[in-house]
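Following: one structure in C-alpha cells, then a few remarks.
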Amino acid sequence: MKSRSSSPAFFCTHSQKKYKDDTMRFSRMLLPTLKETPSDADVVSQKLMMRAGMIRKVAAGIYNLLPMGLRAVRKVEGIVREEMNRAGAQEVMMPMVVPSELWKESGRWDEYGRELLRLKDRHDRDFCLGPTHEEVITDMVRREVRSYRELPLNLYQIQTKFRDEIRPRFGLMRGREFVMKDAYSFHATDESADKEYQNMYETYTRIFERCSLEFRAVEAETGAIGGRFSHEFMVLAETGEDAIAACDKCSYAANVERAEVRAPETAPGAPSDKKIEKVMTPNKRTIEEVSAYLKIKPSGLIKTLIYETDKGTVAALVRGDFDLNEMKLNRAIDASWVKLADEARVKEVTGAPVGFAGPVGLKVRIVADLSVRSMKDAATGANEVDAHILNVNPGRDFTPEYADIRNAVEGDGCPRCRGTLTIKRGIEVGHVFKLGTKYSKAMSANFLDEEGKERPIIMGCYGIGIGRTAAASIEQNHDDFGIIWPKPLSPFDCEVVPVNVKDAGTTAAAEAIYAELKDAGLDVLLDDRDERAGVKFKDADLIGIPLRITIGERNLKEGLVELKERKGGAMRLVKKEEAVAEAVKFVRG
RNA sequence: CGGGGCGUAGCGCAGCCUGGUAGCGCACCUGCUUUGGGAGCAGGGUGUCGGAGGUUCGAAUCCUCUCGCCCCGACCA
C-alpha cells in the first residue's frame with residue numbers, strides 16, 4: 001500500500017486551502033438566489049431555502065441540496081454527532097436498501113403499509129428502502145452480542161431515509177427522502193434502558209439548545225414504531241404540523257393527541273324536571289347546522305358518534321363544541337382498534353341516517369366524555385330521520401360510562417397542577433422512544449444474563465430529523481428580507497461584501513480581510529461578484545449569514561469598514577485593521 | 001384514495017372562453033453609461049405551449065386519454 005505521506009493530496013495543506021478558497025467565492029459558487037418566490041412553495045422555510053439557493057426540488061418530496069443547503073445541514077449534523085458521541089453513542093452506517101426477510105421477521109413487511117417503498121432486484125427478490133432501521137440494527141446486534149457483559153450499547157447513524165408519504169409537502173420539513181439521525185440502544189435491564197432514555201432526553205435537550213431553537217419536550221403517542229412511552233421534541237412555530245398542549249404553570253406538555261384533560265369539578269346541580277321534547281330538524285345533520293337551526297350553542301349539544309371496535313359497537317359522546325379523540329377512546333375501552341362506523345351500520349344501530357344519532361334508547365355500549373357528565377337539558381339526535389330531542393339529561397335519560405375521550409383545547413385544566421393548558425403549534429424535530437422487547441422478541445435478539453439465562457434485549461430508539469431541524473430553524477428565525485441564521489447553524493460564519501469590485505482599493509482590502517478571516521479559521525463567503533451594491537445587500541439579507549463586513553470606497557478613505565449583524569441589524573464602523581479581530585470576537589462570542 | 005386547481009422561455013405569469021404570425025416582466029448574452037439597498041439606454045429569444053391521439057384547411061386554444069405538480073381532506077415517524 002502506498003504510504004500516506006507520499007500523496008500530496010493528503011500532505012499539502014496549501015492545495016486544500018486553495019480548493020476551499022474557490023468554493024467560498026460567491027462568483028464561483030453554485031448559489032442561485034431567486035428574486036421571486038417559486039409558486040409551489042407554501043411555508044416560509046421552503047420559500048427561503050429555494051430563494052437562498054439552498055435546495056431545488058427533483059420530484060415530489062425529493063430535493064437536491066445545493067452547496068449552501070448542504071453546509072447548513074452539515075452544521076446540524078456536526079452538533080448532533082458531537083453530542084451523540086459525547087453521550088457515549090457510537091456511529092455506524094446501515095444500508096438504505098433492506099432485504100424483505102428482516103421486515104418479514106419483525107412482522108412489519110405486512111403491517112407498515114404503502115409508506116414502505118418496496119422494490120425487487122434482478123433476481124426478483126424483495127427489498128425495501130429503509131424508512132427506519134430497527135430491523136437492521138436488531139439483526140446486526142443479535143449476530144454479535146451474546147452476553148450481558150457486552151451491554152449496554154447505543155449505536156447511531158446519520159443517513160438518508162425514504163418514506164413514501166401520502167402527501168409530501170413543506171420542502172425539507174416533510175419530504176419523502178430525508179436525512180435522519182437514528183440511534184438504537186440495547187440493554188440487559190429495564191433500569192439500564194430507562195437510564196439511557198434519560199441520557200438521550202438530556203442529550204437532545206443539549207442538541208436543540210445548541211441549535212438555538214425554542215422547543216418543548218412533550219409526551220407523545222408511540223405510533224406505528226411501537227413501544228411503551230415516548231417524548232417528542234417540538235420546535236415552536238406557527239407552521240408546525242402538530243398541536244401541543246402546554247401548561248402555563250408547570251412543565252407539563254403533551255401532543256394534543258395525547259394530552260390529558262383535568263376532569264371538571266362542577267358538582268351535579270339539581271336534576272332537571274323538564275321533559276324530553278322532540279323537534280323536527282329537516283336535513284340538519286352537523287353540529288353547526290343543528291346549532292344554527294335550533295338556536296342552541298354547540299356546547300348545549302351532545303355529539304354522538306358510532307364506532308366499530310374489536311370490543312363491539314360503541315356510541316361515543318362528546319359535548320358539541322369538542323372533538324373526539326380516537327386514540328383516547330381506544331384506550332378507554334381497551335380496544336385494539338376503533339373505526340368510525342359506515343352509513344349502513346349507523347342506520348342499523350340508530351335507526352336513522354348519519355346526523356341524527358343520540359344516546360337515548362340506544363342498545364349499544366355508550367362511552368361519554370367527562371364533559372358530558374355535567375350537561376343539563378342538552379340537545380341530541382332523536383335516532384329518527386330529520387329529528388332531534390331537547391332536554392336530555394345524562395344519568396336520567398341514559399347511563400353512560402365516563403372517560404376522557406376528547407382532544408384538549410385552549411383553556412382546559414392541566415392534569416398535573418392547577419394551571420391552564422395553552423395550545424401551541426410545533427414541528428417535531430426529535431423523538432425518543434422506549435421500545436422494550438418488541439423487536440428483540442420478534443427477531444430473537446437475546447443475551448445471556450448473569451445466571452446464564454437467555455433473555456430478550458431491551459431496546460430504545462431515538463430519532464432526529466436533520467433537514468427538518470434546519471428548516472425549523474428558518475421557520476423560527478427569519479424576517480421579510482430573508483433567513484436569519486443563528487451562529488451555530490449558519491452555512492458561513494461571516495460574509496465579506498466589497499461594494500464595488502471595479503475599485504482596486506476596495507477589492508484589495510476585501511481580499512486581504514477575506515484571507516485573514518480564513519486564516520483565523522472562519523468560514524467566510526466573499527461576494528466578489530461584479531454586481532451593484534443593492535443586489536449584494538439583498539442577497540446577503542436573504543442568505544442570512546450572521547455577520548456582514550461591508551467594504552466600500554467611502555469608508556475606506558477614512559480607513560474604516562462596516563460590520564453589520566444580520567440579527568437585529570446593529571451596524572458599526574471599525575478600523576480596517578481591527579475588522580478581523582472584531583469579526584472573530586463576534587463569531588466566537 | 002376522495003374533492004379542487006395548475007402544466008406556455010431559467011423563474012413569475014398573460015394568451016385558451018370566441019381556433020389563424022408564441023407574448024409580458026424578471027433573469028440571461030453583447031455594447032455603452034452607472035456603482036452603498038434588487039440601475040439606465042440600445043441590441044439579442046434561448047419555446048416539442050407536459051406527452052399521445054383525435055376534430056379541423058389550420059390546435060397553446062376544442063375533444064379523449066395519459067403523465068407530472070400543487071392545494072384541501074383522510075393517513076402518518
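Below, read A as the first sequence line, B as the second, and so on, with proteins coming before strands; counting in each chain starts at 1.
The gap from the P atom of B:G47 to that of B:G23 amounts to 14 Å, rounded to the nearest Å. Comparing B:C75 with B:G58, their C1' atoms are spaced 49 Å from each other, to the whole Å. Separation of the P atoms belonging to B:U61 and B:U8 is 14 Å when rounded to the nearest angstrom. Distance noted for atom P between B:G19 and B:C26: 33 Å (whole Å). Distance check on atom C1': B:A27 versus B:U21 gives 26 Å, rounded to whole Å. With both ends at atom C1', the span from B:G15 to B:A9 equals 15 Å, rounded to whole Å. For the C1' atoms, the distance linking B:U64 with B:U56 amounts to 16 Å, nearest Å. Across B:G73 and B:U66, the matching C1' atoms stand 25 Å from one another, rounded to whole Å.
Taking atom CG of A:Leu556 as the reference point, atom C1' of B:G36 lies 13 Å away to the nearest angstrom. Here B:C76 presents its P atom at 11 Å from OH of A:Tyr112, a figure rounded to the nearest Å. If you take CD1 of A:Ile551 and P of B:G36, they are 15 Å apart, rounded to a whole angstrom. Between A:Ile55 atom CD1 and B:C11 atom C1' there is a gap of 15 Å when expressed in whole angstrom units. If you take CD of A:Glu165 and C1' of B:C70, they are 16 Å apart, rounded to a whole angstrom. One can place CZ of A:Arg114 at 9 Å from P of B:C1, the figure rounded to the nearest angstrom. In this entry the distance linking CZ of A:Phe170 with C1' of B:C76 reads 14 Å, nearest Å. Separating the CG atom of A:Leu340 from the P atom of B:G73 is a distance of 18 Å, rounded to the nearest angstrom.
A:Gly463 comes within 4.0 angstrom of nothing in the nucleic acid, heavy atoms only. Within 4.0 Å of A:Pro38, counting heavy atoms only, lie sugar-phosphate atoms of the nucleic acid but no base atom. At the heavy-atom level, A:Glu562 lies under 4.0 Å from base atoms of the strands shown. A:Arg176 comes within 4.0 angstrom of nothing in the nucleic acid, heavy atoms only.
Within the shown strands, nothing qualifies as a pairing partner of B:U55 under the Watson-Crick or G-U definition with both distances less than 3.5 Å. Across all strands shown, B:C6 is found opposite B:G68 as a Watson-Crick or G-U wobble partner, with both distances under 3.5 Å. Using Watson-Crick or G-U wobble geometry with both donor-acceptor distances under 3.5 Å, B:C1 finds its partner in B:G73. Of the nucleotides present, B:U30 is the one that pairs with B:A42 by Watson-Crick or G-U wobble criteria, both distances under 3.5 Å. In this entry B:G25 has B:C11 as its Watson-Crick or G-U wobble partner, both defining distances falling under 3.5 Å.
In this structure, A:Arg548 and A:Arg174 both approach RNA chain B, and ranking their closest nucleotides by distance from the 5' end singles out A:Arg548. Both A:Ala60 and A:Glu428 lie close to RNA chain B; mapped to their nearest nucleotides by heavy-atom distance, the more 5′-ward contact belongs to A:Ala60.
Annotated as syn: B:U21, whose glycosidic dihedral is within 90° of 0.
Judged by distance alone, with hydrogens and angles left aside, A:Glu36 brings no side-chain donor or acceptor close enough to the base of B:G10 to form a pair under 3.5 Å. Counting distance only, with no hydrogens placed and no angle test, the side-chain atoms of A:Glu531 and the base atoms of B:G38 include no donor-acceptor pair under 3.5 Å. Applying the 3.5 Å distance criterion, the base of B:G36 shares no donor-acceptor pair with the side chain of A:Asn500. Interface remark: the A:Arg51 side chain does form a donor-acceptor pair with the B:G38 base, using a distance-only criterion of under 3.5 Å. The base of B:G36 lies outside donor-acceptor range of the side chain of A:Lys557, with no N or O pair under 3.5 Å.
Under the 4.0 Å criterion applied to side-chain N and carboxylate O atoms, A:Arg572 and A:Glu582 are assigned as salt-bridge partners.
Taking the six-membered ring where tryptophan is involved, the planes of A:His431 and A:Phe433 are essentially parallel, since the angle between them stays under 30° and well short of 60°. Note on ring orientation: taking the six-membered ring where Trp is involved, the planes of A:His231 and A:Tyr197 are tilted (angle from 30° to 60°). Between A:Phe233 and A:Phe208, the ring-plane angle classifies as tilted under the 30° and 60° cut-offs.
Nearest to the side-chain atoms of A:Asp539 among the listed nucleotides B:G38, B:G36, B:U35 stands B:G38. Ranking B:C69, B:G38, B:C75 by closeness to the A:Ile166 side chain, first place goes to B:C75. For A:Val499, whose side chain is taken as the heavy atoms from C-beta onward, the closest listed nucleotide among B:G36, B:C71, B:C76 is B:G36. Closest contact between the side chain of A:Val535 and the listed nucleotides B:G37, B:G38, B:C71 involves B:G38. When each of B:G38, B:C13, B:C75 is scored by its nearest atom to the side-chain atoms of A:Ser39, the top-ranked nucleotide is B:C13. Between B:C26, B:G37, B:G12, one nucleotide has an atom nearer to the side chain of A:Lys35 than all others, and that is B:C26.
For the residue pair A:Asn500 / A:Thr506, no side-chain donor-acceptor distance below 3.5 Å is found, with atom types taken as modelled.
The environment of A:Lys575 atom NZ is sparse: at most 12 non-hydrogen atoms of other residues, nucleotides or ligands sit within 6.0 angstrom.
Neither OP1 nor OP2 of B:U35 sits under 4.0 Å from any side-chain N or O of A:Arg532. Within the structure, every side-chain polar atom (N or O) of A:Lys536 is placed at least 4.0 Å from both OP1 and OP2 of B:U35.
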side-chain contact (heavy atoms from CB on, under 4.5 Å), that's the test. Do A:Val524 and A:Ile549 meet it? Break it down for me.
CA-CA 10 Å; A:Val524 192; A:Ile549 304 177; over 6 Å; no
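Stacking of A:Arg548 on the aromatic ring of A:Phe537 is recorded, both the 6.0 Å distance cut-off and the 45° axial limit being met.
A heavy-atom distance below 4.5 Å is found between the side chains of A:Tyr63 and A:Lys57.
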